[in-house]
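Written below as structure tokens is the structure these notes are about.
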Number of protein chains: 2
Amino acid sequence: MNTSSKFVVAVHILTLLSSQKILLGEKSLMKSDFIARGLNTNPVVIRRLLSLLKAKKLVDSKAGPSGGFYFKYDPSTVTLAMIHDIVEPGNLYHMYYSSPNKECPFGSHIHGYLKTLLCSAEASFKNVLAEKSLLDLVNDVLNKVEHKENLTKEEFASELKKNMKAISSKCSQK
Amino acid sequence: MNTSSKFVVAVHILTLLSSQKILLGEKSLMKSDFIARGLNTNPVVIRRLLSLLKAKKLVDSKAGPSGGFYFKYDPSTVTLAMIHDIVEPGNLYHMYYSSPNKECPFGSHIHGYLKTLLCSAEASFKNVLAEKSLLDLVNDVLNKVEHKENLTKEEFASELKKNMKAISSKCSQK
DNA sequence: ATAACTGTAACTAAATTAGTTACAAATAAA
DNA sequence: TTTATTTGTAACTAATTTAGTTACAGTTAT
């Protein structure tokens, strides 16, 4: 198993930033401290990942008090496949298994066919990710909240805003 | 990227054992030394992987001089998906990203939808692997050899046998 | 001016992997 | 029956990757 959590964390972050843009407006910013709290991890880990996403032009940031990060695009146009390609480039499995010896008249031919098959399987994996946009994920959550907690989008937006402020003040308490 | 080569190496080994069964007969055995040569690696690495495949009943072995390994089943009934499940159990990506904090009214709901999607993408990956059997891989190689090197199956079988003996004698020279 | 952010370098610790040495147990062959 | 060959496995090393952490320079709203 791939032990990296970069992909799931990046999706989590970008879904948060998308929801913030939709619920709280274009100009709203989210701090790395707040995001890190929600993932039980360290703000530096979040900033490191956001630094990569910024280099790829998906997000932008503002330093200083009341600074933070925001998502640059329309959440409906960014798919999980794009995010995967950014944070986990290359193949799911590498094919550099001790470059097969040409001495073996049979074994030396396996590599090529196996590589072709793996590429095709990985393409299939990514096709599923390509069918899901950040907006889809945001809507999944919003629908759940509206139905299960009987909150309107507006009520939920103000709850989110309140929570962001509460967490921010907790962080600065330290 | 997953840096493990267990899957590709296991497929390589089992394709070799399958070809040996088809070309050289049921009783034919292949040594870990010979397999390791073809992969430019260490016999212990090969035996370790074969030990797992033996525990899963895919192969069996015989100790002592002229001992070795053999594939127990019909190569047409074992798919690459089965092999993957054995040597890389679990998910392609783990979902234990710092179990999301319930404090965050939005973030706490993302996890479930992301997990569902990843499972579906992984299922799609494995479906492609499930369409390829060990026999398919053996036939890919045999067809290539017959066309490009103009060898009949019988000629190729004797070449393979010769090669196995040559490598074996090289190994015992040390 | 100050306080609150981002941005990033440097270090630690843990986990995983492949490779290696060594040797016990099994077994065919001399 | 002895010997040589092979599997089976434990123990260790080295390399790589990952997340977490501390520290601090640069930026900017208040």
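Residue numbers start from 1 in every chain, and the chains themselves are labelled A, B, ... in the order their sequence lines are given, proteins ahead of strands. These figures come from a predicted structure and were not determined experimentally.
- Per the geometry, CZ belonging to B:Phe69 stands 18 Å off P belonging to D:dT5, to the nearest Å.
- In this entry the distance linking NZ of B:Lys31 with C1' of C:dT27 reads 12 Å, nearest Å.
- In the hydrophobic clustering of this structure, B:Leu16 does not group with B:Val44; members are Ile, Leu, Val, Met, Phe, Trp, Tyr whose side-chain heavy atoms approach within less than 4.5 Å, directly or through other members.
- Side-chain nitrogen and oxygen atoms of A:Ser61 include at least one within less than 4.0 Å of the OP1 or OP2 phosphate oxygen of C:dG7.
- Clustering ILVMFWY residues whenever any of their side-chain heavy atoms sit less than 4.5 angstrom apart, transitively, puts A:Tyr73 in the very cluster that holds A:Leu49.
- Hydrophobic clustering, with ILVMFWY side chains joined whenever heavy atoms are under 4.5 angstrom apart, groups A:Leu17 together with A:Leu135.
- The nearest whole Å value for the distance from the CG atom in A:Leu49 to the C1' atom in C:dT8 is 15 Å.
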With 3.5 Å as the limit, what N/O pairs link the protein to nucleotides 9-17 of chain C?
from, atom 1, to, atom 2, distance (Å)
C:dA10, N6, A:Arg48, NH1, 3.1

Please tabulate the protein-to-nucleotide N/O contacts below 3.5 Å involving nucleotides 28-30 of chain D, giving atom names and distances.
none

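- A:Ser18 and A:Val138 get closest at one heavy-atom pair: CB-CG2, 3.8 Å.
- Tracing side-chain contacts under 4.5 Å through hydrophobic residues (I, L, V, M, F, W, Y), one reaches A:Phe69 starting from A:Leu24; they form part of the same cluster.
- Put simply, the side chain of A:Val145 does not reach to within 4.5 Å of the side chain of B:Phe106, judged on heavy atoms.
- For A:Asp33 and D:dT21, the CG to P distance is 13 Å, given to the nearest whole Å.
- With hydrogens and angles left out, the side-chain atoms of A:Asp136 and A:Ser133 include a donor and acceptor closer than 3.5 Å.
- Between the side chain of A:Glu122 and the main chain of A:Asn91, no donor-acceptor pair closer than 3.5 Å is present.
- By the 30° and 60° cut-offs, the orientation of the rings of B:Phe7 relative to A:Tyr93 is tilted.
- One hydrophobic cluster holds both B:Leu58 and B:Leu129 under the rule that ILVMFWY side chains link at heavy-atom gaps under 4.5 Å.
- Between A:Ile35 atom CD1 and C:dT6 atom C1' there is a gap of 12 Å when expressed in whole angstrom units.
- Atom CG in B:Leu52 sits about 16 Å away from atom C1' in C:dA18, given to the nearest Å.
- Listed nucleotides: D:dG20, D:dA23, C:dG19. Nearest to the side chain of B:Asn42: C:dG19.
- Considering only side-chain N and O atoms, B:Thr41 lies nowhere under 4.0 angstrom from the phosphate OP1 or OP2 of C:dA18.
- Between B:Ile83 and B:Leu134 the shortest side-chain heavy-atom distance falls below 4.5 Å.
- B:Arg47 has its CZ atom 8 Å from the P atom of D:dG8, to the nearest Å.
- Taking 4.0 angstrom as the limit, A:Ser32 places a side-chain polar atom (N or O) nearer than this to OP1 or OP2 of C:dT6.
- Within the 3.5 Å criterion, the main-chain N or O of A:Phe71 finds a donor-acceptor partner in the side chain of A:Lys21.
- Within residues 16-27 of chain B, no residue has any heavy atom closer than 4.0 Å to DNA chain C.
- For the pair B:Lys54 NZ and D:dT7 P, the computed distance is 10 Å after rounding to whole Å.
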